[in-house]
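Comments concern the structure below.
Since this is a predicted model, take the numbers as computed values, not measurements. Residue numbering restarts at 1 for every chain, and letters A, B, ... go by the order of the sequence lines.
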Amino acid sequence: MIAVVKTPTFDWEALAPIVALGGGMVVALVLGLLPGRGGRFLAVLSGVIATGIAIGAAVLLWNHGVQREAIARSVVIDRASLAAIVIASGSALTGILLAARAHGTEDAGHGETTALILASAFGMAILASANDLVTIFLGLEMLSIPLYVLCASHVDRTASLESGLKYLILGSVGSATALMGLALLYGATGSMYLPDIARTAGDSDLQGLIYPGVALLIAGFGFKLSLAPLHQWTPDVYDGAPTAVTAFMSVATKTAALVVTARLLLVGLGAEDVRDLWEPILLTLAAASIIIGNVGALGQPGMKRLMGYSSIAQAGYLVAALAVGAVGALLAYLAAYAVSTLTVFAVVSARESERPELGDDISALDGLAKERPLLAWLGTLGLFGLAGLPLTAGFFGKVAVAGALVNADKAWLAVLILIGSIISLAYYAPPVIRMWRTVGPDAEEASDEPISVTSTPSGAPNLAGGATGSAGVVAPVPTGLRWEVALIGTVAAALVLAGGLYPDPLLNLATEASAALFGVQ
Amino acid sequence: MSITWYLAVSAILFAIGLFGVFVRRNPLVLLLCLELLLGAANLALLAFDRHHAANDGSILAIIVMVVAACEVTVGLGIVVAMHRRGQPIDVDRTRELQG
Amino acid sequence: MTGVLIALLAVPLAAGFLGLLGGKRVAPLLAVLGTTAAMVFALLLALEVNPGDHTAAVDLNSTWIPSIGVSFHIAIDGLNAVLVLLTTFVFAIGTWWSLRDPELATPSYLFLLAIGEAAVLGAFVAQDLILFVLCFDLMLLPFVLIAARGAGGDGEFSIGPVLLLLVYTLVGSLLMFVAAVGLAILTAKNTGQPVTFDLAALYGATLAPSTQRWILLAFLAAFLIKMPVVPFHGWFPGAYRTMPLPALAIFAAILSKVAAYGFLKIALPLLPDAVVDWRLVLVILALVSIIYGSLVAFTTNEPRLILGYSSVAQLGFILLGISSLDPAGAQGAIFQSVTHALVVVPAVILLALVSERAGGVERLDQLGGIAKRAPVLSALFLVVVLCWLAMPGTGNFVAEYLVLLGQWRVAPWAAIIASIGVVLAAAYALRFMIGAMQNLRGAAVPEHGVDIGGFERGLLALSIAALAVVALVPQLGLRPSDAASRNAVYPARSLYESQKKAGGDEAVAGVPAEDQESTR
Amino acid sequence: MTSTVGTLAWLVLLAPLFGAISIGLLFKQLSGRAAGALATTVLFTSFALSVATLVALQSEPEESRQVTANLWDYAVTAGLDVKLSLLVDPLSVIMMLVVTGVSSLIHLYATAYMVSDEGYNRFFSYLNLFVFSMLVLVLGGNLVLLIVGWGLVGMASYLLISFWYRRKTATKAGIKAFLINVFGDVGIVLGSFLLLRHAGTVDYLELFAKAEGAFAAHPHDLTWGLVLILLGAFAKSAQFPLHTWLPDAMEGPTPVSALIHAATMVTAGVYLIARLHPLFELSDVAATVGVVIGTITLVMAATMAIVQTDLKRIIAYSTMSQIGYMVVAVSAGAYTAGIFHLMTHAFFKALLFMAAGSVIGAMGGVQDIDRMGGLRKALPFTFACFMIGSLALAGLPPFSGFFSKDEILGGLLERGDWYTIIAAIGYLAALLTACYSFRAIYKVFYGDLNEETQQIADGHHLHFAPANPSTGEAEDYEVGFPGKEHHTAEENLPMKVAMGTLAFLAVVAGLLQIPHVTHVVGDFLHPTFHASELLEQTEASTSTALLGMGLGTLAALLGIGIATQLWLKKPGSTAGIQAKLQSLHTLLSNKYYVDEAIDLIIVRPFRWAGAVFERHTERLVTQTAVVGGSSGVVRIASALVRAAQTGSVRIYAAVVSSSTAAILLYALVVR
């Protein structure tokens, strides 16, 4: 007897970005097996092409229908998911390029690194488009598991392994919590399908379970978003992971998790009474994240660790917008955050290969403006973008978020964001100042030069310091500036600047994307 | 039998798993505890599946099993890598990253 | 002329950017071209201003971010024309001077200066609140990066002064930013119109006094810190110490003036009730700045800080003029902005030349006796110092006269206290000159000195020529802003007068009858 | 736009400016005496132009002898209307003549006197600049230009006092003079506000026209305004208590003392009061303040001069005293007398300083009269000039000072009332004046030659190792210190010519205005003061004039007699008197402790405050209060957050779980 398998409907056109990422993963894995430089080159190239196709397809799809059911009703492609796909693919592209010639990737294998990044991006694409609970969990794990491996991929570095292990253990706890939440949600409504959940909420005899379900879901996704006090894995994992991976996950994970959380909460759980539950929780978590993230980042000596804490604070700003349902502001700020963060990591990564003995230590940035003016400009734009200073996309991103909060009568949180921004200057600025300073550790000889107009009276002794190479690790050989890193950094920085000069398209796109999300209801 | 019992067992399992994560120092045992967490969720899922007389929950449960296997695989890989580098297989002594 | 207005902002920026791309060879040339072109454009624009008319002479209004009601609205009017010209002049001198030191004048540095110039000019010509705020915040950043060059040593505190400069001044700016957003949104709520940040639209609709007060508070935070006014000046000594001198010349000369301008452009017309309520606070802050700044300038041994604290005192005069809410005070404040900027630039150049002649030492107690070794330097120093202390016959004196006159009309006691500052200014300026140039040779000064070279002479000659112009024909600087400054203080002024009248005070501020007439 | 008179006046004004700037620009090119020659030529040109202005003005009908000449708008905005305008009337013309005339002679004198100084060119640049400033002061057609000129002369005075800028004493004296004068400037500035407030103008002629109407309702504002303006006058004219800078100003080269600190600048206060006389006549209080302060100063200065041993300072105190007379005169309404005395004083006081300069030249820079003696024979020309100057100063007929001083005192007698007492004090001070002038003559020129002066008598100049005369610090002859060679009038024709001319003027100038005989000055000034009622009240009648002249002669003779007795006949007798009146002597030689009082009341509190602010408050402001206060909380929080980041997975898991539990609890309990 032949069982008739009822195949779901596929909208291959709409699936194109997701398929590109998945296909790219397979191709990269296979091509990476080729020996020598050829394999490395082809694997990276396939990754670049795959992410490129994904981005291109997503851009083309933007105006083709507000919402398309790609795989039955489980995967929905709309402008919100497209936005997430673009950002995730962009950061995957960045991650691939940063990893391409980085120290340590040799051991991990190029095909594998590229493939894992693409796999994770694939998971993110699915997560962002997920419209039922099964797909959500599937996407979540598809996103997370490659990341565990990526974090641990510098197998000859203790920190990398530690990072992978910590992420695995804690991430699994988070996933399990989220899964438990999903289960309760399913139990409460009897449906896996988000619009149905919204519709049937209150019909079931187990409807009371929806509240603990929501609580666990928020905890689970809050963990992925690294909201305080669920944030503690973030600095450690970001710190230990290879820089390329940190760059990728700090942006992409947040993007996917935010979009799915927005979909889940606003589409599935947007009912008044449920909303009354999650809104205060989210606001509290956002406030805690803003405080703890900004405070924790102060005085961190490592750039990756600093960015880890900063990402906690940034998640706070983003979730604040989410809590009041301002998805437009959320996406606008998210885009600004993404490009700024990628710019910063490009600079950190470029510096890492030039000053391997310093790694991501903040002192590696000393005197960058003199040595590598381009990198200094990029780094400045990126960090100022994160701080939300003028002429960067972050400035208007913050305008949008603060405006949304004021509109929703949550001015206190806007003020908290302001205070957080002020504190954040105290850690975003030091790397910038170090980049631009000329009297770094090498200034000892320079002080004998004839007096110039730049001379300063405060001649504090300049001592080289802060270099903390891990013991027992053979310092890798410095390499020159990797052009692909400079290129991707420049592109990202250009976007930061563009968003700061002419933010109207960004704001409009974000509004469109958020409208798509609400169009589901 | 009321669904409450299933849920209670599920919750207890979940709690045991969590407790294990708190108290155990060997990563291998931690992985086992993580399995317990997922198992607990699976139990709840299947219970709800029966309660609602649907089969979505079962599908998710099967997927969870696959995922659990993946997680353990990755975990084992990392533990092996740590062992090969001569690192102690003890989470309390794996805390270079902090602060 | 709108093309010229755009070129004014765009050309220096473009020159800087091309220089960044073009590298070390072309960047200096482009910088010179860019700054000179900006000066020419500013001059052309200033000539367009009709002194009898307070409305814009050149106006450009185009959409920018319609989604949040922000437009790219810039204009040249009587209030900003002279300041714009001044800005281009100071940036030109500062940029040219920087080129003396190739180590300093890297393409990046020149581009930073260009960004600074565009931002300052943007703040001056902005007719949109958000554009103003954006430029106000932005103009600081290049100088932070330039100051970062001098951030010495390792460890936590080495970058402290630069960090302090950034964080402290941005605290105020961010508050202002929130206030600006609030102001526009609340105004829109009042009028029922869609949110707009266009100043022209905001001028018409004033908010309730209680709302005005907290908004003014935020604006004050931004302006008073940036000026700086005692006791909000904590950031500046460190910043002055670390900044390279050419950039310091621009920074000290121009950036504080944007804050002063902000009072006249934004605070007084938009928030008249709050300004009138807090007039006394402003006056007291101004007086404290004048006296305190002068006294510390008189005591400190670091020439940079003498300059800095004297600027605090002079900015106090500017604030005093503004807080008089009187046309004379406002005119004095604007003119003082010009004259102070014009005197700070050569003063910093001289400071550099002196320190160069003392082996880089910048301690007054180790200087002295340079005049004998460098007579030309000494003569130029003298001229600048005399302008600095507002010798009658200089433009600086006219400015101070107008400021005191304006304040006298409303609060004679304040003018009397402020005039102590006039005497103290003479004390610290002369002490500086005597300490640096005269008496016996200081410990740091070598036996055989050299006089200054042609390049510095040229720069100083230019600066002094500018000082001579404002000294001989101050009317050139006063005329364009005549109507505009009257218009700027009018709302607050008339409110103040009506309150005084209501209070039964017979002597309303002492403006003669026909003068009150002309205020209208 | 301007009349001939106006154009000429502008030329008079601009000539010295041209001189100052061209010497300044060419200071490296001009060698030898070229700068001096240029400056002097410019000044004589300026004087010639002044005479031409005088002629042009006199050719106008009397009622239109008040010419304004505008150049361009200076500051016309916001109720202020200041044009670059000159007011040429008899008062300004007489000032112009005195200034350019005396300046020309002093320039001539200085071309020789300063010739060995390394700063020769700089000196003449400054000197020309001073004349320009002084001309702005006297010619300016409104209060603002007056303030400009007022400030500029203060500046030039400062520059010349600290001309030897490497001397600490010189720079100190300079800064002191400058600060006191700026204080005075501020007074005029504030005073001008009060006048502007009601009259709505700062232009003299408009102001005078509107004054009566404008201030009728606000007499107090007028009084306050004038008192503030008087502050400026007192500061510039070294009147009590703002006089302390003048003795110290003697740090400057002697020609400077002659020009600025005797003949011209210090009389600016007198000019100012005379200029604003229509306002002073409306305010009795202000005028009285002028009279009282003038009286106090004239007595004080005269007493201090008696115990001074520094030759230049003696003359400086006598200057203060004489200006006191002038201030009293113009405040009391005797304008003609005041201005007349201003003129004669310019002649004889400049002469005295020049002669003193010649003596100091011979003494190799020494100014202490106790080290001099018997120089009568060695320096005959100088002696003659000094004698003429002293006789004029003492007010002995028929020297110029006699007529001018007695016109003042006669005017006061005529006005009667309490002015009689002032007149009496004036005569007493005249006695002191004669006494201290002859004390100086006897100590310098009479008596026996001592070791040092013997050398001068032998035809040599004294030479000492270069040193600061006040502190004894070693110096060199480089730029910034006095030159190596000193000069006497006996050897230098330019000095002789200048002194001779002034000596002649000091003798005959009095003849211009002999009571009831000649009225040249009075008639000339009439257009300026024609509306004044007080002037008529102080027009001494024949009997009063005769009484006054008699008293004056008597006082002068008595003073000379006392001096002769004490310092010529019995040179040692003063020691006994000094011992008897020890406390008085201490008081006088310490200049009534005014310096110390000012230091205690004003200078020290400011210094102290500055030091406290810099040392303590600043640290508080920059570090602790503002920054540390706010960042302290943040820092503590940061430490806490990082301490919680233990690195232990188990603890992290526990935190995650407990946070989850908390959220769950919230969901279950609160919902």
So, taking the atom named [atom1] in [X] and the one named [atom2] in [Y], what distance separates them when rounded to the nearest 0.5 Å?
| X | Y | atom1 | atom2 | answer |
| --- | --- | --- | --- | --- |
| C:Cys135 | A:Leu391 | SG | CG | 8.0 Å |
| C:Glu103 | A:Lys370 | CD | NZ | 5.0 Å |
| C:Leu175 | A:Ile422 | CG | CD1 | 5.5 Å |
| C:Ile65 | A:Leu506 | CD1 | CG | 10.0 Å |
| C:Ile130 | A:Phe396 | CD1 | CZ | 7.5 Å |
| A:Leu425 | C:Leu166 | CG | CG | 5.0 Å |

Would you mind telling me which of C:Leu141, C:Thr106, C:Val178 has the largest number of heavy-atom pairs within less than 4.5 Å of chain A?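 Answer, by heavy-atom pair count under 4.5 Å with chain A: C:Leu141.
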Contact leader toward chain A among C:Leu145, C:Leu138, C:Val167, C:Ile146, where contacts are heavy-atom pairs under 4.5 Å: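 If we count pairs closer than 4.5 Å to chain A, C:Leu145 comes out on top.
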Is [X] close to chain A through its backbone or its side chain, or both, or neither, when contacts mean heavy atoms under 4.5 Å?
| X | value |
| --- | --- |
| C:Ile115 | side chain |
| C:Phe136 | neither |
| C:Pro66 | both |
| C:Ile68 | side chain |
| C:Leu112 | both |
| C:Ser67 | both |

Residue pair C:Val162, A:Trp436: steps toward the side-chain contact (heavy atoms from CB on, under 4.5 Å) verdict: CA-CA 11 Å; C:Val162 186; A:Trp436 288 92; over 6 Å; no
I'd like to check A:Ser421 versus C:Leu170 (side-chain heavy atoms, cut-off strictly below 4.5 Å). Are they in contact?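 No. Closest side-chain heavy atoms not under 4.5 Å.
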A:Ile433 and side chain to side chain contact (heavy atoms under 4.5 Å, CB included): which single residue from C:Leu163, C:Thr242, C:Leu165 fits?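 Exactly one pass, corresponding to C:Leu163.
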Top of A:Tyr502, A:Phe395, A:Trp377, A:Phe384 for chain C proximity - count of heavy-atom pairs under 4.5 angstrom: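 Among A:Tyr502, A:Phe395, A:Trp377, A:Phe384, the one with the most close pairs to chain C is A:Trp377.
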When A:Gly388, A:Ala400, A:Pro430, A:Ala402 are compared by non-hydrogen pairs under 4.5 Å with chain C, the top option: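 It is A:Pro430.
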Pick one of side chain, backbone, both or neither for A:Ile423, based on which atoms fall under 4.5 Å of a heavy atom in chain C.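 A:Ile423 has no heavy atom closer than 4.5 Å to chain C.
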Need one label for A:Thr380: side chain, backbone, both or neither, based on atoms under 4.5 Å from any heavy atom in chain C.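 Answer is side chain: those atoms of A:Thr380 sit under 4.5 Å from chain C.
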Any sub-3.5 Å donor-acceptor pair from C:Trp64's side-chain atoms to A:Asp504's backbone N or O?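 No; judged by distance alone, with no hydrogens or angles, the pair does not exist.
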Could you give me the CA-CA distance, side-chain angles and deciding distance for C:Val181 and A:Val406, then say whether side-chain contact (heavy atoms from CB on, under 4.5 Å) is met? CA-CA 10 Å; C:Val181 173; A:Val406 172; 5.9 Å; no
Is atom CH2 of C:Trp214 surrounded by more than 12 heavy atoms (other residues, nucleotides or ligands) closer than 6.0 Å?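 Correct, the count exceeds 12.
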